[in-house]
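The analysis underlying the following values was restricted to heavy atoms, covering all of them including side chains, and did not include hydrogens, waters or symmetry mates. One-based numbering, in listed order, for ligands and for the atoms of each. Along the sequence shown, the residues carry numbers beginning at 1.
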Amino acid sequence: MADCVFCKIIDKTIPADIVFEGDNVIAFRDINPKAPVHVVIIPKKHINPLEDMDEEDIVMIPEIYMAARTIAADEGIDVSGYRVLTNTGPDSGQEVEHMHWHLLGGRLLGDIG
Ligand code: 5GP
Ligand code: ZN
């Protein structure tokens with residue numbers, strides 16, 4: 001999508017520190033990290049919000065979690081632990097309207113909310 005910052009990262013028209021790339025997902029370091037490890041994992045297909053993921057899109061979710069596991073191991077936080085979460089819609093505080101999953105770790109994470 002033309003005005004989507006994450007689509008531009010996928011197209012490599014804007015730079016990002018990409019840490020993982022698979023057939024259907026790509027992951028890069030968050031520009032404003034909330035933890036020592038803060039990676040954003042996104043589907044290469046522009047989808048938003050979660051409700052717009054149809055049955056075909058949903059099969060991509062396991063790839064998100066497999067990418068999270070791979071990145072967590074690469075970053076050395078697989079044993080210490082980490083959080084994978086997504087925001088969707090206004091009340092969640094979602095800023096970028098391209099579905100994405102945050103991978104956070106490297107410190108003790110507090111309660112959500
Ligand atoms: P949200 O609040 O929508 O769940 O999270 C969006 C995340 O994307 C934020 O943590 C924000 O820092 C990150 N972000 C926004 N724009 C960019 C960008 O251009 N590059 C990178 N690497 N991260 C971005
Ligand atoms: Zn997009």
Side-chain angles (χ1 to χ4, degrees):
M1 223 176 84
D3 280 339
C4 173
V5 66
F6 286 176
C7 283
K8 288 177 181 162
I9 288 175
I10 294 163
D11 293 347
K12 312 229 170 43
T13 53
I14 69 166
D17 186 357
I18 294 168
V19 296
F20 178 93
E21 183 159 8
D23 289 343
N24 299 304
V25 307
I26 190 166
F28 49 88
R29 293 190 198 282
D30 197 291
I31 205 168
N32 181 22
K34 309 279 193 307
V37 176
H38 188 172
V39 171
V40 180
I41 308 168
I42 64 173
K44 288 183 176 174
K45 179 178 173 183
H46 181 96
I47 311 169
N48 202 75
L50 193 58
E51 283 67 26
D52 277 5
M53 293 186 80
D54 60 23
E55 279 183 30
E56 201 175 297
D57 299 328
I58 289 283
V59 300
M60 175 275 302
I61 288 183
E63 291 189 42
I64 297 278
Y65 279 83
M66 290 306 291
R69 283 171 47 169
T70 299
I71 298 160
D74 289 349
E75 297 288 324
I77 58 166
D78 50 334
V79 175
S80 54
Y82 54 93
R83 180 174 291 160
V84 180
L85 62 85
T86 192
N87 295 314
T88 188
D91 277 358
S92 73
Q94 182 186 16
E95 289 170 15
V96 178
E97 294 186 343
H98 178 134
M99 283 307 300
H100 52 277
W101 280 255
H102 296 264
L103 167 63
L104 297 147
R107 68 168 171 82
L108 186 60
L109 300 163
D111 291 343
I112 297 173

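- For the Zn ion (ligand 2), the set of protein N/O/S atoms nearer than 2.8 Å consists of C4 SG, C7 SG, H46 ND1, H98 ND1, ordered by chain and number.
- In this structure, T86 falls outside the shell of residues with a heavy atom less than 4.0 angstrom from ligand 1.
- Contact analysis puts H102 in contact with ligand 1, with a non-hydrogen atom separation below 4.0 angstrom.
- Nearest to atom 11 (C) of ligand 1 by heavy atom, out of D30, I18, N32, I42, is D30.
- Distances below 4.0 Å separate heavy atoms of I9 from the following atoms of ligand 1: 20 (N).
- Set against the non-hydrogen atoms of E95, the atoms of ligand 1 under 4.0 Å away are 1 (P), 2 (O), 3 (O).
- Counting all heavy atoms, side chain and backbone alike, R107 lies closest to K34 at NH2-O, 2.8 Å.
- Here the closest non-hydrogen pair linking G106 and P36 is O-CG, 3.4 Å.
- Counting heavy atoms of neighbouring residues, nucleotides and ligands inside a 6.0 Å radius, atom CZ of R69 does not exceed 12 of them.
- K8 does not count as a contact of ligand 1, since none of its heavy atoms falls under 4.0 Å from the ligand.
- The part of N87 lying near ligand 1 is the side chain, judged by heavy-atom distances below 4.0 Å.
- Some N or O of H100 is nearer than 3.5 Å to an N or O of ligand 1, by distance alone.
- Applying the 6.0 Å contact sphere to CG of D11 captures more than 12 heavy atoms from other residues, nucleotides or ligands.
- One finds no salt bridge joining E63 and K44 here, because no Lys/Arg side-chain nitrogen approaches an Asp/Glu carboxylate oxygen to under 4.0 Å.
- Rounded to the nearest 0.5 Å, atoms CE (M66) and CZ (F20) are 8.5 Å apart.
- In terms of protein heavy atoms, atom 22 (N) of ligand 1 is closest to R29 O, 2.9 Å.
- Summary of contacts: the protein heavy atom closest to atom 15 (C) of ligand 1 is V96 CG2, 3.9 Å.
- Within the 4.0 Å heavy-atom cutoff, G93 counts among the residues contacting ligand 1.
- By the neighbour-count criterion of 12 heavy atoms within 6.0 Å, atom CD of E97 is sparsely surrounded, having that number or fewer from other residues, nucleotides or ligands.
- The shortest side-chain heavy-atom distance between T86 and H100 does not fall under the 4.5 Å cut-off.
- When non-hydrogen atoms are compared, ligand 1 lies under 4.0 Å from neither the backbone nor the side chain of W101.
- Between I31 and ligand 1, at least one N/O pair is under 3.5 Å apart.
- The aromatic rings of F6 and H98 sit perpendicular to each other, their planes meeting at more than 60°, with 30° as the lower class boundary.
- Scanning all heavy atoms of the two residues, the minimum distance from A16 to F28 falls at CB-CB, 4.0 Å.
- The single protein non-hydrogen atom nearest to atom 19 (O) of ligand 1 is V5 CG2, 3.4 Å, given as residue, atom name and distance.
- Within a 6.0 Å radius of CG in D3, no more than 12 heavy atoms belonging to other residues, nucleotides or ligands are found.
- Minimum interatomic distance between A68 and V84 (heavy atoms only, all atoms of both residues): CB-CG2, 3.9 Å.
- Looking only at heavy atoms of the protein, atom 8 (O) of ligand 1 is closest to F6 CZ, 3.5 Å.
- Counting only N and O atoms by type, the side chains of N48 and Q94 include a donor and acceptor under 3.5 Å apart.
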